[in-house]
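Everything below concerns the one structure shown next.
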Amino acid sequence: MDFDFTPEEQAFADKVDKWLVDNHDPVVMDPTRENFTQLADTPERRAFMKKLAAQRWLGMSWPKEYGGQEIEGVYEYILNEALAKHSAPQIGKGVGIIGKTLIRHGSDFLKKEFLPKILNAEVEFAVGYSEPQAGSDAANMQLKADKVEGGWNLNGQKIWTTSAHFADWYWVGARTDQDASKHTGLSLFLIPMKDKGLEVVSLPTIGKDTTNQVFFNDVFVPDEYMVGTPGMGFQYISEALDLERFTMFTLSPSTERARLLIEWAKEAKRDDRQIKDDPNVRRLIARIVTDQAVAKGLSVRFVCAARKGGKPPTIQSSQYKLFATALSQRVCKDALDIQGAAGQIREGQDEGPIRGRFEGAYRATVVETIGGGSSEIQKNIIARRHLGLPKNF
Amino acid sequence: MNLDFSEEQQMITDMARAMFEEHSDMDAVRKLEDDPKGYSDGLWKQMAESGLLGLTIPAEHGGGGQSLLEAALVYEELGRALASVPHFVSAIMSGGMLTEAGNDAQKGAWLPKIATGEAILTPAWLEPDRGYGPVGVQLAAKADGDGFVLNGTKQHVYFASSADRLIVLARTDAGIDLFLVDPKAGGVEMRQILSQSADAQYRVTFSNVKVSADDRISAAGSGWATFETAMYDGIVLLAAQAVGGANKALDITADYCKIRTQFDKPLGAFQALAHYLADASTRIDGGRVLVHEAAWSRANGRSIRRLAPMAKLFCCETYADATRMCEQLWGGVGFTLEYDVQLYFRRSKQLQLSWWDTPYLEELVAVDVLDS
């Protein structure tokens with residue numbers, strides 16, 4: 001047992017940290033934006049991703065034959081956490097979700113077409129699982145894919161596709177077999193976002209980010225852009241979601257917020273008394289720090305399980321996501337409770353404590369317990385696969 | 001980073017589990033409820049022979065010299081089995097204090113016997129209507145010739161009737177001191193107090209009890225620091241015990257939810273119930289990593305001033321919350337004495353209240369985070 005990084009891992013963590021300091025960019029590393037910065041479609045962000053690619057930090061765990069370095073996933077964990085700590089954009093869906101799934105299940109054609117572009121940060125993806133009637137139940141997708149000569153014809157709608165307004169390609173699940181069971185009739189496709197049959201309608205959110213609805217009107221997808229075997233889509237998506245829960249919901253933003261709250265509480269006063277001397281504040285902060293330590297433990301547990309290879313460790317992933325995202329919300333809630341009336345001052349204004357960081361975060365973090373599989377879905381996964389409870393709920 | 005156990009650590013876990021399953025099944029646990037002695041000679045002997053009693057006692061004093069990490073593995077198993085033994089008070093707390101601060105004579109006299117189980121020592125710390133911190137220690141130790149005279153009352157003294165020595169926390173002119181006191185000495189009286197866990201704990205009254213200066217552990221006024229050092233180690237193990245108990249309660253409840261039907265479905269098929277179990281499982285697994293991190297940190301010579309109280313705070317609360325939830329899932333049978341889940345439910349709350357409770361632990365964490 002060893003809770004420390006190896007010397008090599010620590011050296012890499014130090015190197016990444018230093019590089020992020022040296023390459024600080026006020027646009028892409030805006031500390032008020034936190035880890036959802038990756039959703040911003042700016043030239044600066046794309047340039048930043050190319051710089052990361054130039055460091056060969058994208059796809060480090062991929063096999064060498066696909067341009068990776070075959071080093072353990074812990075290095076990607078270190079990179080992800082460092083990016084989040086510096087409020088830098090995350091490495092995105094391409095490397096962790098689409099790339100890894102293509103390596104496992106994609107055809108030679110798709111690998112050749114996409115893997116080099118992902119490694120070089122030349123392509124942006126949107127992920128289309130959710131639908132108005134499916135929500136968190138990925139098996140309930142209804143987007144219809146009819147077999148036609150040379151490919152498939154897609155009609156229907158997706159929703160909650162966060163990057164659709166700027167992505168280049170759409171990674172989409174659709175129902176290719178109407179007669180098969182919910183879990184066996186789905187397939188995965190890659191579609192260019194500029195396809196004339198796709199209509200993207202943006203939905204502003206209570207946070208600072210935009211999500212989208214996407215309408216499919218006779219979108220033709222050639223056979224070679226189907227991923228893997230027809231009907232296996234749900235299995236691929238389940239695997240990819242395990243990866244997403246880990247790669248997209250890093251702990252560092254929450255850790256950083258807790259650190260900021262503590263620093264603020266040490267100095268702040270109310271009624272001429274130090275806030276930190278209020279027993280209720282002390283209690284809340286003790287609990288935040290404790291729960292952060294537990295969340296860190298759950299993330300380390302995931303990383304250690306993942307480094308053993310094989311299939312993604314589903315249970316550890318679900319437990320981490322369930323606990324950490326609820327905690328992320330609670331830290332913001334507790335921070336506002338501690339800040340009192342001033343906590344309501346909107347993010348970015350000097351009058352707000354820590355320039356309203358927790359006001360903004362409070363609005364933004366509600367997405368975390370829903371996106372990437374809601375907390376309820378995580379609980380179902382844990383109940384069934386870990387505790388062996390019956391399936392018929 | 002690597003959370004795997006070594007082969008030796010895995011063997012300790014397996015050995016402890018097998019031993020507790022054999023010698024501390026639920027019948028054995030029930031037989032010891034409210035028993036004045038509170039433990040069985042059979043299990044105690046087995047633990048001695050297998051080296052578990054002396055696991056953390058230094059090798060030069062006849063122990064195994066193992067770290068807190070190995071001890072944490074044993075304590076998780078002890079928690080699963082609800083094994084009632086004076087190991088914590090004797091080997092961990094008393095052995096810890098003597099190892100930390102005892103002189104050669106005290107170490108030589110007691111540590112080897114603690115390691116073999118020949119002697120049982122137990123701390124006499126808490127006092128009626130007083131708190132967990134140093135201010136709570138008010139039992140008076142007045143200098144008298146070349147020794148001291150003790151007057152006062154201690155409560156929650158575990159296994160006192162079996163103890164060969166009490167380690168009494170007393171207030172002297174210098175502050176807090178620790179004294180090795182023979183419970184058979186004149187002026188010591190004890191009576192069993194029944195508890196939520198139905199364990200063997202005593203109120204001990206000291207009326208003009210004479211102790212020699214040789215029986216003071218370490219320098220005058222150093223008692224609280226010695227006690228606190230042992231406590232920081234101890235609470236990591238109690239957190240491990242809580243993880244074990246919570247996990248076992250969860251296991252038996254999940255199994256029950258697979259076979260017990262209601263409205264023509266197994267209980268576990270109802271999402272409302274399954275989600276309770278999923279939440280508890282997540283908290284238990286998270287608590288376990290925190291325990292391991294604290295124990296590993298201690299084993300590697302790092303400070304556990306923050307990790308240890310966090311571990312007990314989180315794990316004991318998880319244990320209490322999880323077993324309350326389990327009671328709910330068992331329904332009516334859960335709160336009858338016939339079923340086992342109530343054994344865990346009762347012990348979980350007591351563990352949370354004992355050896356530093358939630359508000360005290362929160363304050364320890366807050367001091368470390370906010371006042372440093």
Side-chain angles (χ1 to χ4, degrees), chain A residues 1-6 9 74 77 258 262 265-266 274-277 279 281-301 303-305 307-308 315-316 318-320 322-324 326 375-376 378-384 386-393, chain B residues 1-6 9 69 250-251 253-255 257-258 265-279 281-283 285-297 299-300 306-307 309-311 313-314 317-318 358-359 361-371:
Chain A
M1 181 168 290
D2 191 346
F3 280 82
D4 282 342
F5 291 134
T6 63
E9 290 162 358
V74 65
Y77 165 81
I262 290 162
K266 279 180 170 179
Q274 282 210 278
I275 291 225
K276 82 178 177 79
D277 292 335
V281 169
R282 299 178 74 75
R283 179 175 172 274
L284 285 173
I285 286 181
R287 284 175 170 272
I288 286 171
V289 173
T290 300
D291 288 354
Q292 288 287 150
V294 172
K296 185 189 137 207
L298 286 169
S299 79
V300 167
R301 190 166 159 267
V303 173
C304 289
R307 72 192 305 172
K308 291 179 178 171
I315 306 306
Q316 291 90 335
S318 289
Q319 287 185 328
Y320 166 71
L322 175 64
F323 189 87
S375 294
E376 289 69 26
Q378 309 310 325
K379 291 180 194 184
N380 285 349
I381 291 169
I382 297 162
R384 287 177 191 169
H386 185 41
L387 302 175
L389 294 174
K391 271 188 167 182
N392 55 336
F393 52 66
Chain B
M1 290 188 300
N2 163 25
L3 299 192
D4 292 343
F5 297 131
S6 67
Q9 287 166 342
L69 188 52
L250 179 79
D251 289 346
T253 305
D255 286 346
C257 287
K258 291 171 198 170
K265 281 193 206 177
L267 293 183
F270 292 91
Q271 214 169 27
L273 310 191
H275 284 189
Y276 286 151
L277 291 162
D279 272 330
S281 132
T282 301
R283 289 177 61 85
D285 286 343
R288 181 181 286 112
V289 190
L290 189 55
V291 166
H292 290 164
E293 186 178 2
W296 175 86
S297 297
N300 284 276
R306 191 181 298 188
L307 278 170
M310 290 196 309
L313 172 67
F314 187 86
E317 185 169 75
T318 295
T358 294
L361 294 164
E362 285 170 346
E363 179 57 17
L364 289 181
V365 176
V367 166
D368 194 63
V369 171
L370 290 170
D371 302 339

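Numbered from 1 within each chain, the chains take letters A, B, ... in sequence-line order.
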I need the B:Gln271 CD to A:Lys379 NZ distance, nearest 0.5 Å.
9.5 Å

Among B:Asp251, B:Asn300, B:Leu277, which has the most heavy-atom pairs under 4.5 Å with chain A?
B:Leu277

Do the non-hydrogen side-chain atoms of B:Lys265 and A:Pro390 ever get within less than 4.5 Å of each other?
no

Side chain, backbone, both or neither: which part of A:Gln316 has an atom under 4.5 Å from a heavy atom of chain B?
neither

Heavy-atom pair with the smallest gap, counting every atom of A:Leu389 and B:Ala254
CD2-O, 3.8 Å

Between B:Leu267 and chain A, with a heavy-atom cut-off of 4.5 Å, which part of the residue counts as in contact: side chain, backbone, both or neither?
neither

To check you understand the geometry: which heavy-atom pair defines the closest contact between B:Thr358 and A:Arg287, and what is its length?
CG2-NH2, 3.3 Å

Test item: A:Asn380 and B:His275 side chains (from C-beta on) under 4.5 Å apart, heavy atoms
yes

List the atom of A:Ala293, the atom of B:Met310, and the distance in Å for their closest heavy-atom pair.
CB-CE, 3.5 Å

Contact part of A:Val74 toward chain B, heavy-atom cut-off under 4.5 Å: side chain, backbone, both or neither?
side chain

B:Leu250 versus chain A, heavy atoms under 4.5 Å apart: side chain, backbone, both or neither?
side chain

In Å and rounded to the nearest 0.5 Å, what is the CE to NE2 distance from A:Met1 to B:His292?
5.0 Å

Spacing of B:Asn2 atom CG and A:Asp4 atom CG [to the nearest 0.5 Å]
11.5 Å

When you measure from the side chain of A:Lys276 to the backbone N and O of B:Ala366, does any donor-acceptor pair fall under 3.5 Å?
no

If I measure from the heavy atoms of chain A, does B:Arg288 come under 4.5 Å with its side chain, its backbone, both, or neither?
neither

With sequence neighbours left out, what residues match B:Arg283 under side chain to side chain donor-acceptor pair (under 3.5 Å)?
B:Thr318

Flag the one option from B:Asp368, B:Leu69, B:Asp279, B:Leu273 with the top tally of heavy-atom pairs under 4.5 Å to chain A.
B:Asp279

Pair count under 4.5 Å, heavy atoms only, with chain A: among B:Leu364, B:Val365, B:Leu307, highest is B:Val365

Considering non-hydrogen atoms only, spot the tightest contact between B:Asp285 and A:Leu298 and give its length.
C-CD2, 4.1 Å

Which label fits A:Phe3 and B:Trp296: parallel for a plane angle under 30°, tilted from 30 to 60°, or perpendicular past 60°?
tilted

What are the two closest heavy atoms between A:Ile382 and B:Ser281, and how far apart are they?
CG2-OG, 3.6 Å

Quick check on A:Leu322 against chain B: is it the side chain, the backbone, both or neither that has a heavy atom closer than 4.5 Å?
side chain

Check B:Glu362 with A:Arg282, please: is the shortest side-chain N to carboxylate O separation under 4.0 Å?
no

Test side-chain contact (heavy atoms from CB on, under 4.5 Å) applied to A:Val300 and B:Glu293, step by step:
CA-CA 11 Å; A:Val300 167; B:Glu293 186 178 2; over 6 Å; no

At a 4.5 Å cut-off on heavy atoms, which part of B:Leu3 comes close to chain A: side chain, backbone, both, or neither?
both

Under 4.5 Å heavy-atom distance to chain A, tell me which part of B:Asp371 shows up: side chain, backbone, both or neither.
both

Minimum side-chain heavy-atom gap A:Ile262-B:Leu370 below 4.5 Å:
yes

